[in-house]
K.L.:
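First the structure, which I've put down as C-alpha coordinates, then a few questions once you've had a look.
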Amino acid sequence: MTNKLRRLLNPSETSERAQHETEEQAKAQTEFDELFGKHLTAMDDRHSPVVPEAKMFLGMVEEQQKSLKKKLWRDLTLLWLIGCFAASGIVLLLVNDIRWFAGVQIATLAGSLIFLARISIRRVKQKWMN
Amino acid sequence: MDVNLEEQWIAKAVRNDPESLACLLQHNYTFLYKYMLKVTMNRALAEDLVQETMLKAIENISTFQRKSKFSTWLISIGTRLYLDGMRKQRVERRWQEQEQALRSMRFEAAMRQEDWPDALDALARVGYDIRIPILLKYYYGYAYEEIADWLDIPLGTVKSRIHNGLKQLRKELQGNDEQAEASVKPI
(Lines give C-alpha, C1' and ligand atoms only; values in the text may rest on other atoms or scores of the structure.)
Protein backbone atom coordinates (compact mmCIF):
# COMPACT_ATOMS: atom_id res chain seq x y z
CA MET A 1 0.00 0.00 0.00
CA THR A 2 1.43 3.37 -0.93
CA ASN A 3 1.98 6.08 1.68
CA LYS A 4 -0.58 8.32 0.01
CA LEU A 5 -3.28 5.63 0.16
CA ARG A 6 -2.39 4.81 3.77
CA ARG A 7 -2.73 8.48 4.68
CA LEU A 8 -6.13 8.66 3.00
CA LEU A 9 -7.36 5.58 4.83
CA ASN A 10 -5.98 6.62 8.18
CA PRO A 11 -6.19 10.42 8.64
CA SER A 12 -5.53 10.26 12.39
CA GLU A 13 -2.13 8.72 11.73
CA THR A 14 -1.34 11.62 9.39
CA SER A 15 -2.32 14.26 11.92
CA GLU A 16 -0.31 12.47 14.62
CA ARG A 17 2.71 12.41 12.37
CA ALA A 18 2.26 16.09 11.51
CA GLN A 19 2.00 16.95 15.20
CA HIS A 20 5.10 14.91 15.96
CA GLU A 21 6.97 16.69 13.17
CA THR A 22 5.90 20.11 14.49
CA GLU A 23 7.03 19.21 18.01
CA GLU A 24 10.39 17.96 16.69
CA GLN A 25 10.84 21.19 14.72
CA ALA A 26 10.04 23.36 17.73
CA LYS A 27 12.54 21.38 19.80
CA ALA A 28 15.21 21.76 17.15
CA GLN A 29 14.48 25.49 16.89
CA THR A 30 14.89 25.91 20.67
CA GLU A 31 18.12 23.95 20.58
CA PHE A 32 19.47 26.05 17.71
CA ASP A 33 18.55 29.27 19.49
CA GLU A 34 20.32 28.11 22.65
CA LEU A 35 23.46 26.90 20.88
CA PHE A 36 23.90 29.51 18.15
CA GLY A 37 21.23 32.23 18.40
CA LYS A 38 23.00 34.72 20.62
CA HIS A 39 26.39 34.15 18.96
CA LEU A 40 24.99 34.76 15.50
CA THR A 41 23.14 37.86 16.67
CA ALA A 42 26.33 39.15 18.28
CA MET A 43 28.19 38.43 15.05
CA ASP A 44 25.56 40.42 13.14
CA ASP A 45 25.98 43.35 15.54
CA ARG A 46 29.77 43.28 15.33
CA HIS A 47 30.00 43.12 11.55
CA SER A 48 27.82 45.97 10.40
CA PRO A 49 29.27 47.10 7.06
CA VAL A 50 29.75 50.69 5.99
CA VAL A 51 26.89 51.23 3.55
CA PRO A 52 28.04 53.15 0.46
CA GLU A 53 26.24 56.37 -0.53
CA ALA A 54 23.12 56.30 -2.71
CA LYS A 55 25.11 57.94 -5.50
CA MET A 56 27.39 54.92 -5.71
CA PHE A 57 24.41 52.53 -6.01
CA LEU A 58 22.84 54.70 -8.70
CA GLY A 59 26.11 54.70 -10.62
CA MET A 60 26.33 50.92 -10.36
CA VAL A 61 22.74 50.45 -11.57
CA GLU A 62 23.14 52.83 -14.52
CA GLU A 63 26.45 51.35 -15.58
CA GLN A 64 25.16 47.79 -15.37
CA GLN A 65 22.00 48.68 -17.32
CA LYS A 66 24.09 50.36 -20.00
CA SER A 67 26.38 47.36 -20.38
CA LEU A 68 23.37 45.00 -20.47
CA LYS A 69 21.77 47.05 -23.23
CA LYS A 70 25.01 46.95 -25.19
CA LYS A 71 25.23 43.17 -24.75
CA LEU A 72 21.60 42.76 -25.83
CA TRP A 73 22.19 44.69 -29.07
CA ARG A 74 25.35 42.70 -29.78
CA ASP A 75 23.50 39.41 -29.26
CA LEU A 76 20.57 40.57 -31.39
CA THR A 77 22.88 41.55 -34.24
CA LEU A 78 24.61 38.20 -34.04
CA LEU A 79 21.26 36.42 -34.03
CA TRP A 80 20.09 38.31 -37.12
CA LEU A 81 23.33 37.58 -38.96
CA ILE A 82 23.12 33.86 -38.18
CA GLY A 83 19.39 33.91 -39.05
CA CYS A 84 20.07 35.53 -42.42
CA PHE A 85 22.83 33.03 -43.15
CA ALA A 86 20.60 30.05 -42.23
CA ALA A 87 17.60 31.42 -44.16
CA SER A 88 19.63 32.03 -47.32
CA GLY A 89 21.03 28.47 -47.05
CA ILE A 90 17.52 27.05 -46.73
CA VAL A 91 16.28 29.07 -49.74
CA LEU A 92 19.25 27.84 -51.78
CA LEU A 93 18.42 24.27 -50.75
CA LEU A 94 14.76 24.73 -51.69
CA VAL A 95 15.69 26.00 -55.14
CA ASN A 96 18.18 23.20 -55.81
CA ASP A 97 16.77 20.07 -54.13
CA ILE A 98 13.36 19.85 -52.49
CA ARG A 99 14.12 16.43 -50.86
CA TRP A 100 17.14 17.78 -49.03
CA PHE A 101 15.11 20.79 -48.02
CA ALA A 102 12.37 18.54 -46.54
CA GLY A 103 15.00 16.43 -44.75
CA VAL A 104 16.60 19.48 -43.12
CA GLN A 105 13.18 20.84 -42.08
CA ILE A 106 12.15 17.50 -40.51
CA ALA A 107 15.49 17.15 -38.68
CA THR A 108 15.20 20.70 -37.30
CA LEU A 109 11.63 20.11 -36.16
CA ALA A 110 12.52 16.78 -34.51
CA GLY A 111 15.50 18.38 -32.79
CA SER A 112 13.41 21.17 -31.33
CA LEU A 113 10.69 18.75 -30.18
CA ILE A 114 13.25 16.54 -28.42
CA PHE A 115 14.77 19.62 -26.77
CA LEU A 116 11.37 20.83 -25.53
CA ALA A 117 10.42 17.35 -24.27
CA ARG A 118 13.68 17.07 -22.32
CA ILE A 119 13.10 20.43 -20.67
CA SER A 120 9.54 19.56 -19.62
CA ILE A 121 10.60 16.11 -18.34
CA ARG A 122 13.28 17.74 -16.20
CA ARG A 123 10.74 20.23 -14.84
CA VAL A 124 8.24 17.50 -13.96
CA LYS A 125 10.98 15.43 -12.33
CA GLN A 126 12.04 18.38 -10.17
CA LYS A 127 8.43 19.09 -9.17
CA TRP A 128 7.91 15.43 -8.29
CA MET A 129 11.09 15.34 -6.15
CA ASN A 130 9.72 18.24 -4.07
CA MET B 1 11.90 50.76 6.80
CA ASP B 2 8.39 51.66 5.67
CA VAL B 3 6.87 48.67 3.85
CA ASN B 4 4.81 50.91 1.57
CA LEU B 5 7.89 52.84 0.54
CA GLU B 6 9.66 49.60 -0.35
CA GLU B 7 6.60 48.49 -2.33
CA GLN B 8 6.69 51.76 -4.27
CA TRP B 9 10.39 51.34 -5.00
CA ILE B 10 9.85 47.78 -6.16
CA ALA B 11 7.00 48.80 -8.47
CA LYS B 12 9.14 51.52 -10.03
CA ALA B 13 12.31 49.41 -10.17
CA VAL B 14 10.53 46.61 -12.03
CA ARG B 15 9.48 49.24 -14.58
CA ASN B 16 13.16 50.07 -15.08
CA ASP B 17 13.62 53.09 -12.81
CA PRO B 18 17.32 53.20 -11.82
CA GLU B 19 16.83 55.51 -8.83
CA SER B 20 14.27 53.25 -7.14
CA LEU B 21 16.42 50.20 -7.78
CA ALA B 22 19.43 52.00 -6.30
CA CYS B 23 17.38 52.85 -3.17
CA LEU B 24 16.26 49.23 -2.84
CA LEU B 25 19.78 47.94 -3.13
CA GLN B 26 21.12 50.47 -0.64
CA HIS B 27 18.46 49.60 1.93
CA ASN B 28 19.08 45.88 1.62
CA TYR B 29 22.87 46.11 1.55
CA THR B 30 23.43 45.49 5.28
CA PHE B 31 20.98 42.60 5.44
CA LEU B 32 22.55 40.92 2.42
CA TYR B 33 26.09 41.43 3.68
CA LYS B 34 25.31 39.97 7.10
CA TYR B 35 23.62 36.98 5.50
CA MET B 36 26.53 36.33 3.13
CA LEU B 37 29.01 36.68 5.99
CA LYS B 38 27.22 34.04 8.07
CA VAL B 39 26.92 31.72 5.10
CA THR B 40 30.53 32.05 3.95
CA MET B 41 32.24 32.87 7.27
CA ASN B 42 34.64 34.81 5.07
CA ARG B 43 34.63 38.61 4.93
CA ALA B 44 36.30 39.05 1.54
CA LEU B 45 34.13 36.42 -0.10
CA ALA B 46 31.00 37.89 1.47
CA GLU B 47 31.84 41.34 0.04
CA ASP B 48 32.45 39.90 -3.43
CA LEU B 49 29.21 37.93 -3.32
CA VAL B 50 27.21 40.97 -2.24
CA GLN B 51 28.48 42.85 -5.27
CA GLU B 52 27.84 39.94 -7.63
CA THR B 53 24.34 39.48 -6.20
CA MET B 54 23.53 43.14 -6.76
CA LEU B 55 24.72 43.00 -10.36
CA LYS B 56 22.59 39.89 -10.93
CA ALA B 57 19.61 41.63 -9.31
CA ILE B 58 20.02 44.64 -11.63
CA GLU B 59 20.16 42.27 -14.59
CA ASN B 60 17.02 40.36 -13.58
CA ILE B 61 14.89 42.98 -11.84
CA SER B 62 12.22 42.82 -14.57
CA THR B 63 11.67 39.12 -13.73
CA PHE B 64 11.09 39.79 -10.01
CA GLN B 65 7.53 38.58 -9.45
CA ARG B 66 6.96 40.20 -6.02
CA LYS B 67 5.78 36.91 -4.52
CA SER B 68 8.42 37.30 -1.81
CA LYS B 69 10.17 40.19 -0.13
CA PHE B 70 12.96 41.89 -2.05
CA SER B 71 15.48 40.87 0.61
CA THR B 72 14.38 37.22 0.24
CA TRP B 73 14.88 37.46 -3.50
CA LEU B 74 18.37 38.89 -2.96
CA ILE B 75 19.46 36.16 -0.59
CA SER B 76 18.13 33.49 -2.93
CA ILE B 77 20.35 34.94 -5.69
CA GLY B 78 23.31 35.22 -3.31
CA THR B 79 22.90 31.64 -2.12
CA ARG B 80 22.82 30.30 -5.68
CA LEU B 81 25.91 32.31 -6.63
CA TYR B 82 27.79 31.02 -3.60
CA LEU B 83 26.80 27.41 -4.27
CA ASP B 84 27.83 27.69 -7.93
CA GLY B 85 31.20 29.06 -6.91
CA MET B 86 31.76 26.35 -4.30
CA ARG B 87 30.82 23.55 -6.70
CA LYS B 88 33.37 24.82 -9.22
CA GLN B 89 36.17 25.01 -6.64
CA ARG B 90 38.30 21.99 -5.73
CA VAL B 91 37.67 20.53 -2.27
CA GLU B 92 41.25 21.01 -1.10
CA ARG B 93 41.40 24.65 -2.17
CA ARG B 94 37.96 25.29 -0.67
CA TRP B 95 39.09 23.85 2.66
CA GLN B 96 42.31 25.90 2.67
CA GLU B 97 40.46 29.14 1.92
CA GLN B 98 37.86 28.43 4.58
CA GLU B 99 40.56 27.75 7.18
CA GLN B 100 42.38 30.96 6.29
CA ALA B 101 39.20 33.02 6.44
CA LEU B 102 38.26 31.50 9.76
CA ARG B 103 41.70 32.25 11.19
CA SER B 104 41.38 35.88 10.10
CA MET B 105 37.90 36.18 11.69
CA ARG B 106 39.28 34.74 14.92
CA PHE B 107 42.24 37.12 14.77
CA GLU B 108 39.96 40.11 14.25
CA ALA B 109 37.85 39.07 17.24
CA ALA B 110 40.99 38.72 19.36
CA MET B 111 42.19 42.16 18.27
CA ARG B 112 38.92 43.61 19.46
CA GLN B 113 39.35 41.63 22.69
CA GLU B 114 36.23 39.64 21.99
CA ASP B 115 35.50 35.95 22.19
CA TRP B 116 35.22 33.80 19.10
CA PRO B 117 32.76 31.22 20.39
CA ASP B 118 33.11 27.47 19.76
CA ALA B 119 29.59 27.49 18.36
CA LEU B 120 30.60 29.75 15.45
CA ASP B 121 33.74 27.69 14.92
CA ALA B 122 31.67 24.53 14.67
CA LEU B 123 29.23 26.20 12.30
CA ALA B 124 32.07 27.38 10.07
CA ARG B 125 33.71 23.96 9.98
CA VAL B 126 30.59 22.08 9.03
CA GLY B 127 30.16 21.83 5.23
CA TYR B 128 28.45 24.70 3.38
CA ASP B 129 25.78 22.28 2.15
CA ILE B 130 24.73 21.79 5.78
CA ARG B 131 25.41 25.28 7.12
CA ILE B 132 23.21 27.06 4.56
CA PRO B 133 19.98 25.07 5.12
CA ILE B 134 20.43 25.23 8.90
CA LEU B 135 20.87 29.02 8.86
CA LEU B 136 18.01 29.53 6.44
CA LYS B 137 15.67 27.37 8.47
CA TYR B 138 16.48 28.24 12.05
CA TYR B 139 18.03 31.71 11.90
CA TYR B 140 16.00 33.21 9.07
CA GLY B 141 12.87 31.07 9.46
CA TYR B 142 12.34 30.07 5.81
CA ALA B 143 10.20 27.08 4.90
CA TYR B 144 11.72 23.76 3.82
CA GLU B 145 10.11 24.17 0.38
CA GLU B 146 11.80 27.54 -0.21
CA ILE B 147 15.18 26.19 0.87
CA ALA B 148 14.77 23.15 -1.39
CA ASP B 149 13.98 25.44 -4.29
CA TRP B 150 17.00 27.69 -3.75
CA LEU B 151 19.44 24.86 -3.21
CA ASP B 152 17.89 22.87 -6.07
CA ILE B 153 17.64 19.68 -4.04
CA PRO B 154 14.66 17.50 -3.03
CA LEU B 155 12.62 18.44 0.03
CA GLY B 156 13.58 15.21 1.83
CA THR B 157 17.28 15.98 1.36
CA VAL B 158 16.82 19.43 2.93
CA LYS B 159 15.06 17.92 5.94
CA SER B 160 17.67 15.23 6.44
CA ARG B 161 20.58 17.67 6.00
CA ILE B 162 19.10 19.98 8.62
CA HIS B 163 18.33 17.15 11.03
CA ASN B 164 21.70 15.41 10.66
CA GLY B 165 23.59 18.69 10.55
CA LEU B 166 22.14 19.86 13.85
CA LYS B 167 22.94 16.46 15.38
CA GLN B 168 26.53 16.72 14.12
CA LEU B 169 26.91 20.24 15.51
CA ARG B 170 25.46 19.21 18.87
CA LYS B 171 27.90 16.30 19.09
CA GLU B 172 30.85 18.50 18.16
CA LEU B 173 29.97 21.14 20.75
CA GLN B 174 29.46 18.49 23.45
CA GLY B 175 32.90 17.07 22.56
CA ASN B 176 34.41 20.56 22.92
CA ASP B 177 32.76 21.00 26.33
CA GLU B 178 34.05 17.63 27.57
CA GLN B 179 37.57 18.48 26.37
CA ALA B 180 37.43 21.82 28.17
CA GLU B 181 36.22 20.17 31.39
CA ALA B 182 38.96 17.51 31.21
CA SER B 183 41.66 20.16 30.80
CA VAL B 184 40.37 22.06 33.85
CA LYS B 185 40.18 18.98 36.15
CA PRO B 186 43.04 18.78 38.70
CA ILE B 187 45.37 15.74 38.41
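These numbers come from the heavy atoms of this one structure, side chains and all, not from hydrogens, waters or symmetry mates. Numbers restart at 1 for each chain; the letters A, B, ... are given by sequence-line order, proteins then strands. Please read all numbers here as calculations on a predicted model, not as lab measurements.
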K.L.:
Would B:R106 and B:D121 count as a salt bridge (charged side-chain N to carboxylate O under 4.0 Å, His left out) here? Give the steps.
P.N.:
CA-CA 9 Å; B:R106 254 188 254 131; B:D121 229 28; 3.3 Å; yes
K.L.:
For residues A:I98 and A:W100: do they belong to one hydrophobic cluster (side chain heavy atoms under 4.5 Å, members Ile, Leu, Val, Met, Phe, Trp, Tyr)?
P.N.:
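They do share one cluster, since a chain of ILVMFWY contacts under 4.5 Å joins A:I98 to A:W100.
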K.L.:
Under the 3.5 angstrom rule, does the side chain of B:Q26 hit a backbone N or O of A:P52 as a donor-acceptor pair?
P.N.:
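Checking the backbone N and O of A:P52 against the side chain of B:Q26, a donor-acceptor pair under 3.5 Å is found.
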K.L.:
So which of A:M60, A:E24, A:M56, A:E62 has the largest heavy-atom pair count under 4.5 angstrom toward chain B?
P.N.:
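Top count of heavy-atom pairs under 4.5 Å with chain B: A:M60.
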K.L.:
Regarding B:K38 and A:D44, does a basic nitrogen lie under 4.0 Å from an acidic carboxylate oxygen?
P.N.:
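Here B:K38 pairs with A:D44 in a salt bridge, since their nearest N and O are under 4.0 Å apart.
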K.L.:
Are A:L68 and B:L24 in one and the same hydrophobic cluster, where Ile, Leu, Val, Met, Phe, Trp and Tyr link if side-chain heavy atoms are under 4.5 Å apart?
P.N.:
no
K.L.:
Please flag which part of A:E63 lies under 4.5 Å from any non-hydrogen atom of chain B: side chain, backbone, both or neither.
P.N.:
neither
K.L.:
Relative to chain A, which segment of B:L166 carries a heavy atom at a distance below 4.5 Å: side chain, backbone, both, or neither?
P.N.:
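It is the side chain, since no backbone atom gets that close.
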K.L.:
Check the angle between the aromatic planes of A:F32 and A:F36 and answer parallel, tilted or perpendicular using the 30° and 60° thresholds.
P.N.:
tilted
K.L.:
Side chain from CB out, backbone as N, CA, C, O: work out which of these in B:K159 comes under 4.5 Å of a heavy atom of chain A, or both, or neither.
P.N.:
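Contact with chain A involves the side chain of B:K159 alone.
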K.L.:
Who wins among B:E47, B:M54, B:M105 for the most heavy-atom pairs under 4.5 Å with chain A?
P.N.:
B:M54
K.L.:
Name the region of B:Y138, side chain, backbone, both or neither, that has any atom closer than 4.5 Å to a heavy atom of chain A.
P.N.:
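Both backbone and side chain of B:Y138 come within 4.5 Å of chain A.
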K.L.:
Quick one: does any side-chain atom of B:R43 pair with a main-chain N or O of B:L37 as donor and acceptor, under 3.5 Å?
P.N.:
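Not at all, since once roles are kept as given, no pair shorter than 3.5 Å links the two residues.
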K.L.:
Looking at A:D33, A:V50, A:L40, A:L35, which has the largest count of heavy-atom pairs under 4.5 Å with chain B?
P.N.:
A:L40
K.L.:
Please look at B:Y144 and chain A and tell me whether the side chain, the backbone, both or neither of the residue comes under 4.5 angstrom of a heavy atom of that chain.
P.N.:
side chain
K.L.:
How long is the gap from CD1 on B:I130 to NZ on B:K167, to the nearest 0.5 Å?
P.N.:
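NZ of B:K167 is found 12.0 Å from CD1 of B:I130.
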K.L.:
More than 12 heavy atoms of other residues, nucleotides or ligands under 6.0 Å from OH of B:Y140: yes or no?
P.N.:
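Yes.
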K.L.:
Taking B:H27 for its side chain and B:C23 for its backbone only, find out whether a donor-acceptor pair lies under 3.5 Å.
P.N.:
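Yes: the side chain of B:H27 pairs with the backbone of B:C23.
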K.L.:
A:L58 versus chain B, heavy atoms under 4.5 Å apart: side chain, backbone, both or neither?
P.N.:
both
K.L.:
What part of A:E21 lies closer than 4.5 angstrom to a heavy atom of chain B: side chain, backbone, both or neither?
P.N.:
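For A:E21, the side chain is the part near chain B, not the backbone.
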K.L.:
Rounded to the nearest 0.5 Å, what's the gap from CG on B:D152 to CD1 on B:I147? Could you check?
P.N.:
14.0 Å
K.L.:
Sub-4.5 Å heavy-atom contacts with chain A: which residues of residues 55-79 of chain B show up?
P.N.:
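Interface residues of residues 55-79 of chain B: B:L55, B:I58, B:E59.
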K.L.:
Side chain, backbone, both or neither: which part of A:T41 has a non-hydrogen atom closer than 4.5 Å to chain B?
P.N.:
both
